[in-house]
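What's counted below: heavy atoms across the whole structure, side chains too, no hydrogens, waters or symmetry copies.
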Amino acid sequence: MENPTVTLDKIVALCKRKGFIYQSASIYGGLNGVYDFAHLGTLLKKNIRAEWLKSINATFDDILEFEGGLLGPHAEWEASGHVENFSDPMVDCLNCKHRFRADEIDLSKPCANCGQTKWTDIRQFNLMFKTQIGAISNDDPGFQPSLTAMADTVAQGGVYPEKNRGAGHGKANIAYLRPETAQPIFVNFKNFISTYRVKIPFGVAQMGKSFRNEITPKQFLFRTREFEQMEIEWFCKEETALKDFDTWCESRKKFYSNIGLNMQKIRFREQTPDERAHYSIRCTDVEYEFPFGFKEIEGIAYRGNYDLTQHSKFSGKDLTVFDEETRKTYTPHVVECSVGTDRLLLTLLFDAYHEDIQAVPAEAFGEGREQETRIVLKLHPKIAPIKAAFFPLVKKLSVPMLAIYKNIKKLGYEVDFDESASIGKRYRRQDEIGTPLCFTYDFDSENDNCVTVRDRDTTIQQRISIDIIEDYIKKTLTKG
Ligand code: ATP
């Protein structure tokens, strides 16, 4: 289904207008690449997380949940390769000082900002946010800058120095805000084995914040400096890894279809060998067709046993497991699925945004307006932040409708009550935030114990008994 009306500007405006997402610290001019999630945005995110977790648990048994620390010591990120390699190429315009990602622009062409062609050399910029633990600052005489990367020493069979293990280097406790959620899972691998007595294969699922000091945050939630990821690390034997990789790909496809995305806009693209990280054996990007092109929303990667091997080398701890069948120890392999929650939320908004041109009854919007553009978010009901809205036709009927609304709310549904403005305007408010059902209590309700229910997508209205409102909502939420 084509939806040519949606643009990034419209999505950004809708999010602000309706209270999904605000620019962070906007009264101070805003913090570039950081956003705050307001009530509706928070509910939407919560629903996405819930569906993700359900789908992960439906794929395999033995999934553990996890919430790792946001800060990690230097050694952890050196072992993972991030200190050395987690960088993007950066270039500045010498004339206007504008900064760009060098791989995103053509340096033979003039600067898009000022029209001059005067570039600095390309430098690698590490995307991790670095900080210090404890009351030591760069100005203190006792401070020693980070030692040079030890990755080479370890790669050549050397031992990572004892003093570099643990929280940081030397006297300075250097730490990083995690740029991905995966590493704290790898670091805790042996803890999972000993405390839950899980056996290979098992998975660890985590939803949480990651931080990247992106050179050019852009396209609203698409590329931000602080964002959330939903990741599963699946620990398995080498023999089953490729099969498990395929199972995860299938499962992720089902997930996207289940949350109502238009599957014609989704593609699974296998990365070419030169796109993949050197340790990665297979890698598939899940991409969505945004108005600005096909872009990654999730990466599915078979990472070999690289991560556990690295952490074992750098920490000096044994991260192998014992195979009862072969009576040998081995380092498990890992399949990872990693999706950005905020990027997916943006994807869902793009996918759901519709503008319908409608004939409007005069009594709903006043004289002289026969046609109205209806903005509607056709989110799947289970993803929609508000499941149903309750309206008394006129304020005089508020008391009985308020009672019905409160009963449904008590059952745990996110619902809304609105008694202001015309019914037409109230419908439109709910359409814009994607509420699938609106119930109206009118003068007949007093006698027939029924309300009118109106469907967001079809706008068809139906009369149903007040007694079946909950069932009706439930059925709508579980529709295929
Ligand atoms: P990209 O190429 O877009 O920078 P990536 O390949 O670096 O992404 P991964 O490290 O594989 O991304 O992270 C997994 C997922 O996390 C991405 O598919 C995306 O949904 C999300 N993600 C990564 N970086 C950002 C960001 N800066 N802002 C929002 N989401 C992000």
Q.
If we ignore hydrogens and angles and just use 3.5 Å, is the side chain of Asn47 paired with the main-chain N or O of Ala384 as donor and acceptor?
A. yes

**Q.** Results of salt bridge (charged side-chain N to carboxylate O under 4.0 Å, His left out) for Asp323 - residues two or more places apart only
**A.** Lys237

Q: For Thr247, enumerate each residue passing the side chain to side chain contact (heavy atoms under 4.5 Å, CB included) test, keeping only those at least two apart in sequence or located in another chain.
A: Thr59, Phe60

Q. If only atom types and distance count, is the side chain of Arg178 paired as donor or acceptor with the main-chain N or O of Gly68 below 3.5 Å?
A. yes

Between side-chain atoms of residues 17-24 and protein atoms elsewhere (two or more places apart, or another chain), which donor-acceptor pairs fall under 3.5 Å?
from  : atom 1 : to     : atom 2 : distance (Å)
Arg17 : NE     : Glu432 : OE2    : 3.4
Arg17 : NH2    : Glu432 : OE2    : 2.3
Gln23 : NE2    : Leu31  : O      : 2.7
Gln23 : NE2    : Val34  : O      : 3.1
Ser24 : OG     : Asp36  : OD1    : 2.8
Ser24 : OG     : Asp36  : OD2    : 3.4

Q | Side-chain donor/acceptor of Arg456 to backbone N/O of Leu379, under 3.5 Å | A | yes

Q: Kindly state each residue pair satisfying salt bridge (Lys or Arg N to Asp or Glu O under 4.0 Å) with at least one member in residues 110-127, sequence neighbours excluded.
A: Asp92-Arg123

Q | From Glu84, Glu76, His82, residue fulfilling side chain to side chain donor-acceptor pair (under 3.5 Å) relative to Ser80 | A | His82

Q | Donor-acceptor pair, side chain of Arg223 and main chain of Lys218, under 3.5 angstrom | A | no

Q | salt bridge (charged side-chain N to carboxylate O under 4.0 Å, His left out) partners for Glu287, two or more places apart | A | Arg267, Arg269

Q. Can you name the residues that form a side chain to side chain contact (heavy atoms under 4.5 Å, CB included) with Lys190, not counting sequence neighbours?
A. Asp318, Leu319

**Q.** Donor-acceptor under 3.5 Å (Arg303 side chain, Glu336 main chain)
**A.** no

Give the table of side-chain donor-acceptor pairs shorter than 3.5 Å for residues 291-302, with sequence neighbours excluded, one pair per line with atom names and distance.
from   : atom 1 : to     : atom 2 : distance (Å)
Glu298 : OE1    : Arg252 : NE     : 3.1
Glu298 : OE1    : Arg252 : NH2    : 3.0
Glu298 : OE1    : Tyr256 : OH     : 2.4
Glu298 : OE2    : Arg252 : NE     : 2.7
Tyr302 : OH     : His333 : ND1    : 2.6

Q) Quick check: are there more than 12 heavy atoms from other residues, nucleotides or ligands sitting under 6.0 Å from OH of Tyr196? A) no

Q. Which residues pass the ring-ring contact (aromatic ring centres under 6.0 Å, His included) test with His98, sequence neighbours left out?
A. Phe100

(Q) For Phe186, give me all partners under ring-ring contact (aromatic ring centres under 6.0 Å, His included), at least two apart in sequence or on another chain. (A) none

Q. Can you name the side chain to side chain contact (heavy atoms under 4.5 Å, CB included) partners of Pro89, sequence neighbours left out?
A. Ala102, Asp103, Ile122, Gln124

Q) In chain order, what residues pass the side chain to side chain contact (heavy atoms under 4.5 Å, CB included) check against Lys97, with sequence neighbours excluded? A) none

Q.
Just checking Lys243: does its NZ atom have more than 12 heavy atoms from other residues, nucleotides or ligands closer to it than 6.0 angstrom?
A. no

Q: With sequence neighbours excluded, give me every salt bridge (Lys or Arg N to Asp or Glu O under 4.0 Å) pair touching residues 54-64.
A: Glu51-Lys54

Q.
If the test is salt bridge (charged side-chain N to carboxylate O under 4.0 Å, His left out), which one of Glu226, Glu231, Glu180, Glu67 qualifies with Lys209?
A. Glu226

Q.
Checking Asp9 against Thr7: is there a side-chain donor and acceptor pair closer than 3.5 Å?
A. no

**Q.** Polar side-chain atom of Lys265 near backbone of Phe290 as donor-acceptor pair, under 3.5 Å
**A.** no

Q: Working to the nearest 0.5 Å, report the span between CG of Leu377 and CG of Asp351.
A: 11.0 Å

**Q.** Any donor-acceptor N or O pair under 3.5 Å, side chains Asp244, Thr240
**A.** yes

Q: Using modelled atom types only, decide if a donor and an acceptor are shared between the side chain of Thr331 and the backbone of Thr320 within a distance under 3.5 Å.
A: no

